[in-house]
Amino acid sequence: MGDAAGAAQLEHDRVVITVDKARVVDVVRTLKTDPELNCNYFTFLSAVDWQDEGFEVLIALYSTVNLNTVVIRVLLSKDEPSMSTITGIYGGANWHERECAEMFGITFEGHPYPKNLYLPDDFEGHPLLKSFKLASRTYKPWP
């Protein structure tokens, strides 16, 4: 993938590559369309809130031909958590991106239907942020 992908390593029998958010669509498209890589199955997309360090979006793709998994790590800043949508490549990413947007506040630019899945439209906040105050955290703070 040339300079489109950064660090690559093998973790738990999965190839894990770190990709700049500006190149994520190119990398995902290459992983799907390259006949040798053939990652033809979208597994999941989710995020991790690292608080002051920002967010980590994880995208898992699987090759039913090569029988291997590739995990793409995209690091996003705390102040501007946004990246391009991959729904044009994998339609199954639609729900996952909507959930990340709703629960973490990450914007997926170009998403075709950015509507909430779980919460009412007037809900304030993003429940999966570690800074989000849950009733249970008034008694026991986040570790």
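As a basis for the values below, the full set of heavy atoms in this structure was taken, side chains included, without hydrogen atoms, waters or symmetry mates. Remember, predicted model here, so these are calculated numbers, not experimental data.
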Participant: Rounded to the nearest 0.5 Å, what separates atom CD in Glu99 from atom CG in Asn94?
Facilitator: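 One gets 12.0 Å once the value is rounded to the nearest 0.5 Å.
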Participant: Taking all non-hydrogen atoms of both residues into account, name the closest pair between Arg98 and Lys115 and its distance.
Facilitator: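 Answer, listing the atom of Arg98 first, then Lys115: NE-O, 2.9 Å.
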Participant: Determine whether Leu58 and Arg73 satisfy the following criterion, side chain to side chain contact (heavy atoms under 4.5 Å, CB included), listing intermediate values before the conclusion.
Facilitator: CA-CA 5 Å; Leu58 298 164; Arg73 297 175 64 235; 3.6 Å; yes
Participant: Does Tyr41 have more than 12 heavy atoms from other residues, nucleotides or ligands lying within 6.0 Å of its OH?
Facilitator: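 At most 12 heavy atoms, drawn from other residues, nucleotides or ligands, come within 6.0 Å of this atom.
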Participant: Should Tyr90 and Ile59 be marked as a side chain to side chain contact (heavy atoms under 4.5 Å, CB included) after you check the CA-CA gap, both sets of side-chain angles, and the distance that decides it?
Facilitator: CA-CA 11 Å; Tyr90 292 103; Ile59 304 166; over 6 Å; no
Participant: Taking Thr85 for the side chain and Phe108 for the main chain, is one N or O donor matched with an acceptor at less than 3.5 Å?
Facilitator: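 Pair absent, no side-chain N/O of Thr85 close to backbone of Phe108.
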Participant: Check the pair Leu129, Phe55 against side chain to side chain contact (heavy atoms under 4.5 Å, CB included), reporting the backbone distance first and the verdict last.
Facilitator: CA-CA 10 Å; Leu129 293 179; Phe55 297 91; 3.5 Å; yes
Participant: Atom CG of Asp49 and atom NZ of Lys78: how far apart are they, to the nearest 0.5 Å?
Facilitator: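 Spacing of CG (Asp49) from NZ (Lys78) equals 9.5 Å.
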Participant: When hydrophobic residues are tied together by side-chain contacts of less than 4.5 Å, even through go-betweens, does Ile89 share a cluster with Val65?
Facilitator: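 Different clusters.
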Participant: Minimum heavy-atom separation for Thr87 and Glu97, please, with both atom names.
Facilitator: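 Result for this residue pair: CG2-OE1, 3.4 Å.
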Participant: With rounding to the nearest 0.5 Å, note down the distance linking CG in Leu117 to CD in Glu102.
Facilitator: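 Here the interatomic distance stands at 5.5 Å.
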Participant: Can you give me the closest heavy-atom contact between Ala47 and Cys100, atom names plus distance?
Facilitator: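 Scanning both residues, the minimum pair turns out to be N-SG, 3.8 Å.
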Participant: Below 4.5 Å, heavy atoms only, C-beta onward: do His126 and Phe132 meet side chain to side chain?
Facilitator: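 Sidechains of Phe132 and His126: no contact.
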Participant: Hey, what's the ring geometry for Tyr118 with Trp95, parallel, tilted or perpendicular (30° and 60° as the breaks)?
Facilitator: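 Aromatic pair Tyr118/Trp95 classed perpendicular.
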Participant: Under the side chain to side chain contact (heavy atoms under 4.5 Å, CB included) rule, what do Ile86 and Leu45 come out as? Steps first, then yes or no, please.
Facilitator: CA-CA 10 Å; Ile86 61 166; Leu45 179 148; 4.3 Å; yes
Participant: Backbone N or O of Val15 within a donor-acceptor pair of the Asn68 side chain at under 3.5 Å?
Facilitator: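 Here the side-chain-to-backbone pair does not exist.
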Participant: For the pair Asp121 (side chain) and Asn116 (backbone), establish whether a donor and an acceptor sit closer than 3.5 Å, ignoring hydrogens and angles.
Facilitator: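 Checking the backbone N and O of Asn116 against the side chain of Asp121, no donor-acceptor pair under 3.5 Å is found.
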Participant: Can you measure from OH (Tyr62) to CG (Leu67) and round to the nearest 0.5 angstrom?
Facilitator: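 Output value for this atom pair is 4.0 Å.
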Participant: Quick one: does any side-chain atom of Lys21 pair with a main-chain N or O of Val74 as donor and acceptor, under 3.5 Å?
Facilitator: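 Flag not set: sc Lys21 to bb Val74 has no pair under 3.5 Å.
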Participant: Hey, what do you get for NZ (Lys32) to CG (Leu61), rounding to the nearest 0.5 Å?
Facilitator: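 Interatomic distance, Lys32 NZ to Leu61 CG, rounded to 0.5 Å: 9.5 Å.
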Participant: Taking C-beta and beyond as the side chain, do Ile72 and Leu31 meet within less than 4.5 Å on heavy atoms?
Facilitator: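 Side chain of Ile72 against side chain of Leu31, heavy atoms only: contact under 4.5 Å found.
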Participant: CD/Glu56 to OG/Ser46 distance, rounded to the nearest 0.5 angstrom?
Facilitator: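 Going from CD on Glu56 over to OG on Ser46, the span is 10.0 Å.
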Participant: Strictly below 4.0 Å, N to O, side chains only: are Arg23 and Asp20 in salt-bridge contact?
Facilitator: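 Answer for the salt bridge query: no.
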Participant: Examine Leu75 and Val57 and state if one hydrophobic cluster contains both, with Ile, Leu, Val, Met, Phe, Trp and Tyr joined whenever side-chain heavy atoms are less than 4.5 Å apart.
Facilitator: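 Cluster IDs for Leu75 and Val57 differ.
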Participant: Please name the pair of heavy atoms, one in Gly105 and one in Pro81, separated by the smallest distance, quoted to 0.1 Å.
Facilitator: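 Scanning both residues completely, I find the closest heavy atoms to be O-CG, 3.8 Å.
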Participant: With Ser84 as reference, evaluate Val25, Asp26, Thr107 under the side-chain contact (heavy atoms from CB on, under 4.5 Å) test and give the passing residue.
Facilitator: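 Testing each of Val25, Asp26, Thr107 against Ser84, the sole residue satisfying side-chain contact (heavy atoms from CB on, under 4.5 Å) is Val25.
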